[in-house]
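This report refers to the structure that appears directly beneath it.
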Amino acid sequence: EQAVLGACLMDVEAIHRIDWLPASAFYKTHHQLIYDAMRDLAEAGTDIDLLTLTSKLRSSGDLEGAGGEPYLGAITDAVPTSVGLTIHAGMIRDHAVLRELIMASTEIISRAQDPEMADIEKFAAQVERTYSDIAARRHSRGLDFKSLDEIVPDAFEEIEAAYSGP
């Protein structure tokens, strides 16, 4: 995450090359604040550098939440070049999707173990819809993803195993 933020501070065009990356894809909240501020600056036509970013975060009241001035300076020191920006941004995006899948799967497993569950068909439809929604969001960003035909059978096996117990 620091590599992407640092690249955006080093290269004024960097933020425009990764405009497909939402701030919510960043795992760390302070990185989300920093990236949001960078996007706001870019949308306003302001070059992104340490001074403009610090000023933007200060004016929005997010400077301390973003780690403060020392942290912003450390980001620029941690990244020697903006080469690999899109690869690093893709890694952030991929990890965000994995986190979303983990959260959805955890919820599904929890619900599958509920002894009070009466309507398995309705539950199965909800599971399919959940994974379909995640896939649709990924596809809407122009990203590749496995089809439901590839993942649903394995997911149902795991759910059935969890539901049937030891």
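Since the structure is predicted, the reported quantities are computational estimates derived from the model, not experimental observations.
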So does [Y] get a backbone contact from the side chain of [X], meaning a donor-acceptor N/O pair under 3.5 Å?
{"X": "Thr54", "Y": "Leu50", "value": "yes"}
{"X": "Asp119", "Y": "Lys122", "value": "yes"}
{"X": "Thr106", "Y": "Ile102", "value": "yes"}
{"X": "Glu1", "Y": "Tyr27", "value": "yes"}
{"X": "Thr76", "Y": "Gly6", "value": "no"}
{"X": "Arg93", "Y": "Trp20", "value": "no"}
{"X": "Thr130", "Y": "Gln126", "value": "yes"}
{"X": "Gln2", "Y": "Ile75", "value": "no"}

Worked verdict on Ser60 versus Leu33 for side chain to side chain contact (heavy atoms under 4.5 Å, CB included) = CA-CA 10 Å; Ser60 67; Leu33 292 171; over 6 Å; no
inquiry  = Evaluate Glu13 against Ser82 for side chain to side chain contact (heavy atoms under 4.5 Å, CB included), listing each step before the verdict.
reply    = CA-CA 10 Å; Glu13 294 301 316; Ser82 64; over 6 Å; no
request  = Indicate whether any N or O donor in one side chain lies under 3.5 Å from an N or O acceptor in the other, for Tyr71 and His31.
outcome  = yes
ask   = Does Asp19 come within less than 4.0 Å of Arg39, counting only side-chain N to carboxylate O?
value = no
